[in-house]
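Every chain is numbered from 1 and lettered A, B, ... according to where its sequence line falls, protein lines coming before strand lines.
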There are 2 protein chains.
Amino acid sequence: MAYTIKDVAKRAGVGIATVSRVLNESPNVLPETRARVLAVIDELGYRPNHAARQLVTAKTNAIAIILPFLTRPFFIEVLRGIEAVVANSEYQLIIFNVDSPEQRTRYFNTLPFLGRTDGLLIVSLPLAPPEIKRLQAANLPAVMIDTQAANLPSVVVDNVGGAFKAVEHLISQGHQRIGFVSGQLEPDLGFTVNRDRRRGYEAALTAHHLPLQPEYLRAGFDRRDWGHQAALELLALPEPPSAIFAANDDLAFGVIDALRERGLKVGEDIAVVGYDDLEMAQLVGLTTIHQPMEQMGRKGAEVLLAALNEGTRRPTLYTLPVDLIERTSSSSKLSQA
Amino acid sequence: MAYTIKDVAKRAGVGIATVSRVLNESPNVLPETRARVLAVIDELGYRPNHAARQLVTAKTNAIAIILPFLTRPFFIEVLRGIEAVVANSEYQLIIFNVDSPEQRTRYFNTLPFLGRTDGLLIVSLPLAPPEIKRLQAANLPAVMIDTQAANLPSVVVDNVGGAFKAVEHLISQGHQRIGFVSGQLEPDLGFTVNRDRRRGYEAALTAHHLPLQPEYLRAGFDRRDWGHQAALELLALPEPPSAIFAANDDLAFGVIDALRERGLKVGEDIAVVGYDDLEMAQLVGLTTIHQPMEQMGRKGAEVLLAALNEGTRRPTLYTLPVDLIERTSSSSKLSQA
DNA sequence: CTGAAAGCGCTTACAG
DNA sequence: CTGAAAGCGCTTACAG
């Protein structure tokens with residue numbers, strides 16, 4: 001078996017309390033004692049047992065991140081930001097992927113992270129009031145990212161405002177008939193992105209005195225093939241839109257695919273704007289709304305670590321800005337038609 | 001504070017050992033006793049303390065995954081496969097991202113996961129003999145994914161064979177001058193992919209009696225912009241290649257960008273083949289080698305869990321197959337030129 | 001500055 | 001089938 005604190009103490013000729021003090025960098029140790037202990041630790045390759053330490057300190061030195069759809073680029077970027085911050089701390093990162101509503105419910109009912117982590121980072125998953133209560137009862141610091149809860153610090157982006165910017169951009173290019181393609185408005189996991197972005201879409205139209213046309217709204221699924229299908233449906237309309245705003249880049253890629261299939265030149269015959277600014281958006285020349293995804297992760301992790309280290313736990317709302325990135329998919333030469 | 005096993009025992013009118021037996025599903029408990037204990041557990045919302053359990057059982061119920069470059073699609077896909085398998089087990093997944101050689105060295109020297117995890121999944125990072133020895137000394141089961149170690153179970157794909165397939169495909173389309181764009185052949189972290197794929201490239205040329213032309217080899221960095229630059233360099237050659245094999249899709253995207261900038265039609269004027277079959281490859285019409293990335297993750301996790309649960313720990317090598325996916329970037333109409 | 005002792009919350013022989 | 005007791009490897013008052 002591995003060496004224990006007793007082995008070190010015996011070999012260094014001190015008590016285990018002294019070894020513990022050296023380990024925990026207590027100032028109350030004579031320099032020569034410390035040196036002797038450190039030498040033995042080094043010699044033996046001793047490493048303190050985490051479980052024992054946890055048991056007595058009631059600290060795990062781990063934080064958990066709970067996120068849906070691990071493979072979607074958005075979440076990956078957020079994860080990357082989180083990881084970067086956590087890696088520079090003393091904490092370890094435990095990951096929980098929640099893909100289905102059942103899984104989600106099970107998680108927040110059993111709180112499997114309880115007692116295994118000192119804090120929680122919840123990405124994009126809205127929490128129901130009883131779930132929030134349960135978290136707080138467990139006294140587990142939590143930070144929400146890309147979603148918010150009344151009593152918890154939350155890091156969000158302005159989805160309504162971003163969508164507004166996107167649609168206003170199309171209007172400024174002369175478009176009057178603008179379709180909106182999105183995922184479900186009331187999805188299983190309770191996301192509000194699609195709804196928020198639609199609100200921005202509607203607000204922009206209204207602000208510019210354009211009519212809201214129900215047939216231009218295509219809410220379906222958060223999948224590229226839905227973007228494809230929705231675009232075909234829009235094109236089949238008696239009066240098809242001259243521009244399409246997709247609630248995320250992935251949908252936009254599906255839209256673009258469909259338009260090309262129909263022989264339309266994106267950015268010339270019809271304009272497309274996405275949302276996310278995935279890496280691929282640049283390659284495709286997609287005008288889109290850039291979200292600071294990695295920065296959301298960083299910010300969330302920083303807020304959590306601050307709460308953990310300094311005990312600051314005010315339920316602040318951090319809203320990160322979004323920007324319109326203009327590319328060729330919405331170039332203006334067509335629009336004045 | 002949270003309830004402890006003592007609270008449950010007292011309230012149920014039994015000893016703590018009996019509560020423990022119920023918790024651990026020992027058969028030696030009278031059904032009515034069990035029922036009473038379970039009722040109290042439920043009533044109190046009691047949850048056993050992990051640290052205490054770990055301390056006495058010396059099991060953490062966690063496994064760690066160590067991977068580089070968390071955001072690269074390849075690793076994400078592997079991670080996804082791992083997560084899917086681990087989520088269905090009793091284990092939790094701790095993630096360590098290792099991006100720099102210094103970080104890498106530090107990790108394998110300090111083994112920060114030691115005592116925090118029951119097993120290790122190492123993705124793509126080759127281990128030096130002393131590092132392997134250290135792992136084995138720590139008696140920590142480990143499985144290698146996309147890299148191999150002599151004494152450890154390893155899940156790999158046939159990179160040499162995949163590259164061979166890719167180049168042979170180009171040759172079959174009539175190409176004789178085939179460039180090769182890759183990342184560093186001897187990268188800091190010790191990856192061997194680029195080298196392996198180049199070996200496949202060379203083997204295919206040799207097998208078909210084509211000359212190896214040093215000026216067609218462009219080894220630089222694993223970044224899209226290098227693909228871009230390398231392509232420009234190849235085009236500037238007195239006798240530029242008629243086809244380019246890129247060691248991964250991301251490089252291929254850079255290559256394609258450059259070709260388009262130069263006014264070349266990919267798949268007509270010049271052929272391009274990538275490696276990885278990223279989601280984006282389909283959108284771009286890139287012919288490429290498909291790797292079962294998620295499956296590699298699954299397989300690795302399964303092997304590790306088997307080792308953990310059943311104690312099977314034979315150092316088996318699992319080689320997963322790769323396939324050529326033909327798309328428009330290498331369509332044959334040009335090649336007979 | 002340092003050591004002996006108590007205690008963290010469990011599991012597991014050992015008796016019965 | 002069940003309970004009292006020992007022990008896992010630490011940290012932390014408490015004395016000195």
Between [N] and [X], is there an OP1 or OP2 to side-chain N/O distance shorter than 4.0 Å?
X	N	result
A/Tyr46	D/dC10	yes
B/Arg21	D/dT2	no
B/Thr33	D/dT2	yes
B/Thr57	C/dT11	no
B/Asn24	C/dT11	yes

Spacing between [X] atom [atom1] and [N] atom [atom2], to the nearest angstrom:
X	N	atom1	atom2	result
B/Asp7	C/dC10	CG	C1'	13 Å
B/Arg116	D/dG9	CZ	C1'	15 Å
A/Lys59	D/dC10	NZ	P	18 Å
B/Tyr3	C/dC10	OH	C1'	19 Å
A/Gln54	C/dG7	CD	C1'	17 Å
A/Arg34	C/dT2	CZ	P	10 Å
B/Arg47	C/dC10	CZ	C1'	15 Å
B/Glu25	C/dC10	CD	P	16 Å

Would you mind telling me which of [options] lies closest to the side-chain atoms of [X]?
X	options	value
B/Arg53	C/dT2, D/dC10, C/dC10	C/dC10
B/Leu55	C/dC10, D/dG9, D/dC10	D/dG9
A/Ala17	C/dA4, C/dT2, D/dG9	C/dA4
B/Thr18	C/dT2, D/dT2, C/dT11	D/dT2
A/Val14	C/dT11, C/dG3, D/dG9	C/dG3

Hey, does [X] reach any base, or is it just sugar-phosphate, or nothing, if we go heavy atoms under 4.0 Å?
X	result
B/Ser20	base
A/Leu30	sugar-phosphate
B/Asn49	sugar-phosphate

Beyond-backbone contact of B/Gln92 with B/Asn61, side-chain heavy atoms, under 4.5 angstrom: no
So with a 6.0 Å cut-off around CD of B/Glu25, is the heavy-atom count from everything else above 12? no
Kindly check if the number of other-residue, nucleotide or ligand heavy atoms within 6.0 Å of CZ (B/Arg34) is above 12? yes
Does this structure show an ion pair linking B/Lys299 with B/Glu294, if we count only N-O contacts that are shorter than 4.0 Å? no
Quick one, B/Arg298 with B/Glu83, criterion salt bridge (Lys or Arg N to Asp or Glu O under 4.0 Å). Give me CA distance, side-chain angles, the key distance, then yes/no. CA-CA 8 Å; B/Arg298 300 189 87 96; B/Glu83 203 281 335; over 6 Å; no
Return the nucleotide paired to C/dC14: Watson-Crick means purine N1 to pyrimidine N3 with N6-O4 or O6-N4, wobble means G-U with N1-O2 and O6-N3, both under 3.5 Å. D/dG3
Reading DNA chain C from 5' onward, which residue's closest nucleotide shows up sooner: A/Gly15 or B/Val56? A/Gly15
Could you point out which residue of A/Asp146, A/Leu135, A/Ile145 forms a side chain to side chain contact (heavy atoms under 4.5 Å, CB included) with A/Ile122? A/Leu135
